[in-house]
Amino acid sequence: MEAMKKEEDLTARVEKNIIEDHLLTAGDKVVVGISGGIDSTALLLVLHRLSKRYRWKLIAAHFNHGLRGMEADRDEKFCHLLAQRLGLKFESERLGEGVLEGMRGASIEDAARRERHAFLEKIRRKHKAQRVALGHNRDDQVETVLFRLMRGTSLRGLSGMDFKNGCIIRPLLNIPRTEILNFCRINKIHYREDS
């Protein structure tokens, strides 16, 4: 009974976020960025569950940065198999060798993020999707604000990420990582862990 309640709690919270913040409408096509990690895996599964009610068409999209060798390849395979199991279209792309090292004035993380976002936007346009859903949660939000504060930022920068920024949506943004972990544990959901 408690497992069912927890499952419904996370799904209901995501649904509430989507409705209250006007993140999606019925029948939308949504590219879901999936790394294979806990947040994006939980997001894909929750959106898939809700898609039956709202007639969303989901496309799972994985960007392989190639920074972790065979481990990164196993992440990509995991994402592909998950999409297949759910009956979803799957798109993936591997970053060209040496691309990140050649970028000036940016950390590897910033450069990788930019490349990943460009890939997701390309997939969104290819499928004529209305949105790209990302699995950022409340813990990521706190981390972003602290990072910007340490780096020195304006008051606007201290606000962190938004639920919606153009075509990008973050339905998990007010949900703590512990709740996502609990959802996965109770429902025996497998995900990849970055070493």
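Heavy atoms only: backbone and side chains are in, while hydrogens, waters and symmetry mates are out.
Residues satisfying the side chain to side chain donor-acceptor pair (under 3.5 Å) criterion with Arg74, sequence neighbours excluded, are absent altogether. In this structure His80 satisfies the ring-ring contact (aromatic ring centres under 6.0 Å, His included) test together with Phe90, sequence neighbours excluded. Every residue meeting the salt bridge (charged side-chain N to carboxylate O under 4.0 Å, His left out) condition with Lys126, not counting sequence neighbours, appears here in chain and number order: Glu91. Shown here are the side chain to side chain donor-acceptor pair (under 3.5 Å) partners of Glu121, two or more places apart in sequence or in another chain: Arg124, Arg125. In this view, His117 satisfies the side chain to side chain donor-acceptor pair (under 3.5 Å) rule with no residue, not counting sequence neighbours. Here Glu15 pairs with Ile19, Leu50, Arg53, Tyr54 under the side-chain contact (heavy atoms from CB on, under 4.5 Å) rule; sequence neighbours left out. Taking the side chain to side chain donor-acceptor pair (under 3.5 Å) definition, one finds that Ser35 meets it with Ser40, sequence neighbours left out. For Asn165, the side-chain contact (heavy atoms from CB on, under 4.5 Å) partners are Arg170, not counting sequence neighbours. Residues satisfying the side-chain contact (heavy atoms from CB on, under 4.5 Å) test with Asn64, not counting sequence neighbours, are His62, Ala72, Asp73, Glu76, Arg94. For the side-chain contact (heavy atoms from CB on, under 4.5 Å) test, residues two or more places apart in sequence or in another chain that qualify with Arg55 are Ala26. By the salt bridge (charged side-chain N to carboxylate O under 4.0 Å, His left out) test, Lys57 is found to be paired with no residue, residues two or more places apart in sequence or in another chain being considered.
Across all their heavy atoms, Thr11 and Val46 have their closest contact at CA-CG1, 4.0 Å. In terms of heavy-atom proximity, Arg13 sits nearest to Glu179 at NH1-OE1, 2.6 Å.
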Donor-acceptor pairs under 3.5 angstrom involving side-chain atoms of residues 81-89: please list them, not counting sequence neighbours.
none

